[in-house]
Amino acid sequence: MKGELHAAFLRSPHAHATFRIADTTRASAVAGVVRILTAEDIDVVCTPWTCVLQNAPDLKSPVQRPLARGRVAFQGETVALVVARSRAAAEDALEHIEIEWQDLPATASLKTAATDRSIRAHPDMADNICWTFEHRAGDPDKAFAEAAAVVSETLTFIRSTGVPLEPRGILASYDPAINGLSVHVSHQMPHQLQLHLAELLGMSPLDVRVVCSDVGGGFGIKMHIYPEEVAVCAASKILGRPVKFIADRIESLLSDVHAREHIVEAKMALDSRGRIIAIAVDDIQGLGAYSVYPRSSTAEAMSALRAVGGPYRFDNYHAKLRSVLQNRVMTGQYRSVGHPVAAAVTETLVDKAARLRGEDPLEFRRRNFLPLDAMPWISPMGARMIDLSHHACLDRLIDLVDYRNLRSQIAARREQGCVVGFGVASFVEFTATGAEAYGRANVPVSSLDGVVLTLEPTGEVRASCSAAEIGQGIQQGLAQIIADALGIAPEKVRVMVGDTAISPHGGGAWSSRGASITGEAAWRAGRALRDGMLSVAAKMLQTSPESLTMRDGRIVNVASGTDHMGLDELARTSLFQPFNLPAGTQAQLTVAQTWGREADPFLPTNGIQASLVEIDRSSGLVRLLRHWVVEDCGRLINPLLVDEQIRGGVVQGIGEALYEACRYNDDGQFTSGTLADYLVPMAADMPDITIAHVETPYSGSLLGAKGAGESGTCGAPAAVLNAVNDALSPFHEGPAITTLPVSPVEVLRVLGILPEGAA
Amino acid sequence: MIDEPSTEIECVVNGESIRARVPFRQSLVDFLRHGLGLTGSHVGCEHGICGACHVVVDGRVVRGCLMLAVQVHGRMVSTIENSQPHRFVKALQESFYQRAALQCGFCTPGMILQAAELLQRNLAPTRGEIRDALSGNYCRCTGYQAIVDAVETAAQTLRLQEGETAVADIGHLRDDNQTSLHS
Amino acid sequence: MKPVVFQYRNPKTLSEALALLSEYRDDVAVLSGGQSLMPMLNLRVAQPAMLVDINLVNGLDAIRCDDDGVSIGGRTRHNDVLRSAAVAKNLPLLTQAMTHVAHEAIRNRGTLGGSLALADPAAELPACTVCLGGKIVAASVDGERRIDASDFFLDMYTTALDAHEVIVRVEFPRFDPNWRFAFDEVARRHGDFAVAGLAMAMRCEDGIVVDARIAFTGVEPMPRRLSDVEACFIGSRLDEPDNRIRARTALCDTLSPIDSGEFPPAYRVHVAGELLERLAAQLANANSG
């Protein structure tokens with residue numbers, strides 16, 4: 001943008017410290033610097049925020065600001081903003097800001113932070129507990145007491161982060177002449193961001209435009225309100241100039257929302273017939289320094305608790321949660337939000353139970369899966385299980401992997417001394433979250449989406465939708481749906497998304513909702529436009545609308561097939577020669593539909609994944625030989641795009657299982673700060689992934705589509721973990737590995753190659 | 001313009017003669033993006049690991065974040081925007097599109113330029129060789145499989161263009177349903 | 001991140017380059033391949049006042065073969081070494097090792113001299129150079145000097161190279177056809193720096209090992225010849241399994257493994273031992289008959 005300035009942030013190098021910015025004059029004198037802003041400057045134009053959930057009044061999260069004031073609570077927290085003529089000049093200035101730091105004790109391990117009050121992430125709080133939650137269904141204590149067998153395990157999940165290849169970035173341009181803020185940002189929810197920016201900057205949403213185009217991957221990382229983005233908008237408002245901030249990879253790894261830091265103690269009670277009668281989980285969630293705004297990091301843990309035990313029928317459940325504040329960056333929603341944790345916990349217990357009973361893990365699952373004739377069924381966490389296909393997916397998987405043959409091949413390889421394993425993970429993933437989830441908390445998240453269709457004189461259709469495109473292909477999907485609904489070719493539909501100026505308020509991209517929510521709205525809008533235009537045509541032709549249909553952009557007679565006219569001719573007549581229509585017709589070429597699901601706040605989908613691994617004895621490294629997915633995500637709008645979403649999700653899940661960890665040293669310093677330290681899956685180490693589908697349409701909508709985009713990530717870590725533990729089962733009683741990502745050092749200990757405590 | 005040590009360079013970018021003044025410390029990819037408006041090459045890490053910044057300098061794929069702009073003085077640079085792309089690039093663009101081997105698209109230019117270089121060296125790569133050659137290009141969206149498929153397809157197309165028969169391709173067919181402990 | 005401001009020169013001759021290095025020796029960096037230096041500049045870990053770009057200097061990237069051996073210019077790109085027929089024929093160890101070095105685009109720019117001067121403890125080429133007994137030829141305004149590879153690598157990221165010197169070539173000796181070479185490494189992901197890597201060379205006459213050269217990367221702060229381990233092979237048959245076991249014991253005794261990152265010392269020692277046994281067996285099989 002002409003006249004744009006560039007921003008760089010001074011970030012805390014300490015996990016916990018008080019600070020005083022002593023002097024900025026030397027920094028201001030650096031060539032190219034325009035202005036240096038601190039909390040004092042930003043607070044004039046921007047209010048701070050606090051994560052508040054109305055239905056969780058005891059949730060304690062401190063106030064958060066675009067730039068911290070007086071104390072920082074995580075390494076990387078922003079304390080000053082330099083605006084300069086280039087990013088390089090801004091960085092030059094950072095080094096000259098005179099700032100005094102006073103180290104404070106920082107929280108250490110998650111377990112310690114949960115119980116030790118002597119080191120608090122926020123000194124003015126009594127402890128480190130942001131929130132607690134407990135839920136009982138049925139009588140779990142009784143069930144455990146009377147159980148024929150109980151299996152238990154504690155699983156530890158180390159933090160990971162999303163690493164979208166395009167880092168976060170924003171160009172904010174405030175024009176004082178019109179009191180208008182225009183924002184181009186790599187983000188998943190234009191309308192949510194618009195609403196919050198307006199609120200924080202004391203503006204009307206009418207004066208704030210947010211455009212999210214060509215987002216280079218989001219994965220949930222870009223759905224949050226970040227201090228940096230707000231600070232940049234505030235800076236633009238203060239300066240009256242466009243300000244651009246592009247996070248570099250170092251600050252992305254450091255300050256992007258992290259995810260999935262949990263310690264889960266779990267147990268499962270079985271009756272004498274090998275049926276699951278109860279599950280109990282005690283979850284400690286590493287939340288970070290603040291509960292992420294506005295949706296709350298606790299949503300991740302709740303999503304996990306809701307998904308535990310997913311595909312199984314069981315009546316007794318005890319879930320406990322402690323969401324713990326830490327001197328680390330926030331954790332929050334990241335692809336499949338909590339589900340991978342739930343799947344890993346559940347499926348590890350299931351494999352353990354099957355092993356205890358000396359039976360095939362697939363047969364154990366088969367016995368315990370919620371059967372078709374039991375649905376709809378309300379789960380112990382109150383979610384309605386409907387339109388699921390656990391048994392069908394299992395059968396398909398058995399077929400796909402050629403199970404019996406595979407097991408004998410594995411046996412043969414083990415005879416040769418190879419360490420080979422096969423693991424399975426079945427799961428329920430809740431998608432396309434409805435209004436209850438955030439509405440009851442009074443968090444302004446839209447679970448509805450809107451579509452506005454306009455018929456052009458050429459018979460083509462322009463669609464403005466409140467979805468957001470982050471690479472998942474929703475634009476393509478919506479074009480297909482609209483074209484099908486209307487009766488024209490998909491190439492004749494142009495879908496525009498991601499711009500608050502052109503589409504109604506809606507939810508953007510999260511929770512795999514594009515097809516099932518925006519798609520539903522698009523279908524209805526397409527049908528409405530079709531019905532409207534056929535009505536007009538009927539009037540022109542002096543016949544009934546029912547006798548006509550639209551086929552490939554032509555209006556034809558249903559019975560005789562007679563081609564009466566093209567949609568383009570009808571549009572032109574309506575616009576340019578309305579005198580050729582009966583008086584009072586007033587053809588409506590623009591149609592809008594908003595739709596949100598009223599039933600099922602959490603729309604369940606199901607799937608089963610399998611992983612075949614070989615462990616290298618010489619290094620403990622896990623080689624992925626094959627991976628399979630059988631997924632039921634309802635009606636498939638574009639199978640090609642869905643499958644590729646699944647593959648990408650699986651590889652992300654593999655990353656969590658084997659490579660990805662946000663690590664900290666004993667001083668609380670982040671040690672995974674570059675892509676040489678934080679390891680993401682690359683092409684040479686990944687397997688080919690075979691995918692099959694079962695299609696059970698959702699009965700609560702016309703389209704029958706469900707969410708699919710996150711399912712790969714949902715089940716992959718669990719499948720890989722079970723495969724690794726299966727490989728190690730000849731060497732170890734019970735699951736050998738209970739920490740993700742799998743440590744090659746730990747594997748060698750289990751194999752007896754390295755002694756215990758070899759570090 | 002900022003007053004910092006800089007110099008004039010002359011080079012050819014996508015067939016066009018360019019003269020520009022560049023700060024010494026400006027990277028090649030920043031020069032292409034901000035100096036020339038060629039935003040097809042992307043910045044993903046600035047420490048040479050992700051491959052989003054790939055461009056071609058004097059016929060070799062390089063990481064645009066690991067070269068200085070000043071270093072292309074007197075050189076020929078080709079980016080994904082080259083309107084006279086090498087026919088290998090064209091074939092890959094087509095096969096990537098058909099196979100849905102891109103989702104957000106951020107890695108795609110770097111991936112295609114690297115794959116084109118592989119095919120120029122080896123027009124019948126195995127899937128393993130493709131994965132190896134692309135092992136320095138990070139993709140978060142696709143999980144790589146569709147990309148490997150697309151490179152295989154482009155290779156086949158290019159081989160046919162060069163007059164070879166499809167017989168040589170039989171060895172590269174893979175059977176998804178054949179379960180084996182060796183991938 | 002963007003680098004700190006620096007001055008930059010790209011001399012066309014070696015003597016110009018050396019003069020610049022001498023003048024700015026207290027605060028200068030040599031830009032060769034740039035694949036390690038540029039990230040350090042971008043991260044502001046390196047902040048030289050003067051950057052001397054040697055990419056325009058002639059004669060630094062030649063691969064030459066003669067009766068004495070193979071000499072590889074300091075600025076020879078990794079991919080040129082990888083694809084050189086002369087290297088494949090005379091120094092197949094380098095060809096094998098090069099497939100493990102980073103990735104394509106990095107190998108198109110990265111140089112042999114750059115890798116040796118950096119002396120990353122987990123890099124492949126320093127270990128290979130030590131194994132092959134290469135001589136690093138360093139030039140400066142004071143002239144040329146040859147430094148034996150075994151004297152070159154002093155510690156992690158620390159070499160015998162002075163700040164005003166540049167590696168102009170590496171001279172490798174001639175190896176007669178009785179030599180066998182093997183390189184392998186274990187890395188977290190393909191192309192990553194080695195958790196442990198082994199450069200091994202054995203010379204056999206009638207199946208008896210008469211000379212052995214063993215150097216690891218990734219296990220100790222810098223690569224070195226492990227004479228105690230080599231001694232376990234010399235004088236007996238290459239395919240004698242007991243030697244491998246004895247060598248592994250000697251290896252565990254002699255190594256002073258680093259302790260960093262995800263992997264404790266015991267892990268690196270174990271992987272090193274596995275590589276030792278595997279490559280020795282590999283050489284034995286190749287040599288049989």
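Please read these numbers as outputs of a predicted model, since none were measured by experiment. Here is the naming used below: chain letters follow the sequence lines, and residue numbers restart at 1 for every chain.
Of the listed residues A:G471, A:P687, A:G655, the one with more heavy-atom pairs under 4.5 angstrom with chain B than any other is A:G471. With chain B as the partner, the residue from A:G162, A:A84, A:G217 showing the most heavy-atom pairs under 4.5 Å is A:G162. Ranked by heavy-atom pairs shorter than 4.5 Å toward chain B, the options A:M686, A:E644, A:Q652, A:Q476 are led by A:E644. Put simply, of B:V43, B:D132, B:T142, the one with the most heavy-atom pairs under 4.5 Å next to chain A is B:T142.
No side-chain donor-acceptor contact under 3.5 Å links B:E10 and B:H73. B:E152 and B:Q156 share no donor-acceptor pair across their side chains, judged by distance under 3.5 Å alone. Using modelled atom types, one finds a donor on one side chain and an acceptor on the other under 3.5 Å when comparing B:H54 with B:R63. A:D643 and A:H693 share a side-chain donor-acceptor pair at under 3.5 Å. Judged purely by distance below 3.5 Å, without hydrogens or angles, the side chains of B:Q103 and B:R140 never pair a donor atom with an acceptor atom. A:S160 and A:E656 form no side-chain donor-acceptor contact under 3.5 Å, judged by distance and modelled atom types alone.
Using a 4.5 Å cut-off between heavy atoms, B:E129 makes no contact with chain A at all. For chain A, no part of B:H42 is nearby; none of its heavy atoms comes within less than 4.5 Å. Looking at B:Y144, only its side chain comes within 4.5 Å of chain A, counting heavy atoms on both sides. Residue A:N638 does not touch chain B at all, counting heavy-atom pairs closer than 4.5 Å. Of the atoms belonging to B:V148, not a single heavy atom falls under 4.5 Å from chain A. Interface remark: A:V215 contributes backbone atoms only to the contact with chain B (heavy atom separation under 4.5 Å). Interface remark: B:D30 contributes no atoms to any contact with chain A (heavy atom separation under 4.5 Å). Within the 4.5 angstrom heavy-atom criterion, atoms from both the backbone and the side chain of A:Q645 approach chain B.
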Would you be so kind as to tabulate the donor-acceptor pairs closer than 3.5 Å made by side chains of residues 672-681 of chain A, with sequence neighbours excluded?
{"from": "A:S672", "atom 1": "OG", "to": "A:A661", "atom 2": "O", "distance (Å)": "3.1"}
{"from": "A:S672", "atom 1": "OG", "to": "A:R663", "atom 2": "N", "distance (Å)": "2.8"}
{"from": "A:T674", "atom 1": "OG1", "to": "A:A676", "atom 2": "N", "distance (Å)": "3.1"}
{"from": "A:T674", "atom 1": "OG1", "to": "A:D677", "atom 2": "N", "distance (Å)": "3.4"}
{"from": "A:T674", "atom 1": "OG1", "to": "A:D677", "atom 2": "OD2", "distance (Å)": "2.8"}
{"from": "A:D677", "atom 1": "OD2", "to": "A:T674", "atom 2": "N", "distance (Å)": "3.4"}
{"from": "A:Y678", "atom 1": "OH", "to": "A:T161", "atom 2": "N", "distance (Å)": "2.8"}
{"from": "A:Y678", "atom 1": "OH", "to": "A:T161", "atom 2": "O", "distance (Å)": "3.1"}
{"from": "A:Y678", "atom 1": "OH", "to": "A:E660", "atom 2": "OE1", "distance (Å)": "2.6"}

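Remark: side-chain polar atoms of A:Q472 are paired, donor with acceptor, to backbone N or O of A:I470 under 3.5 angstrom.
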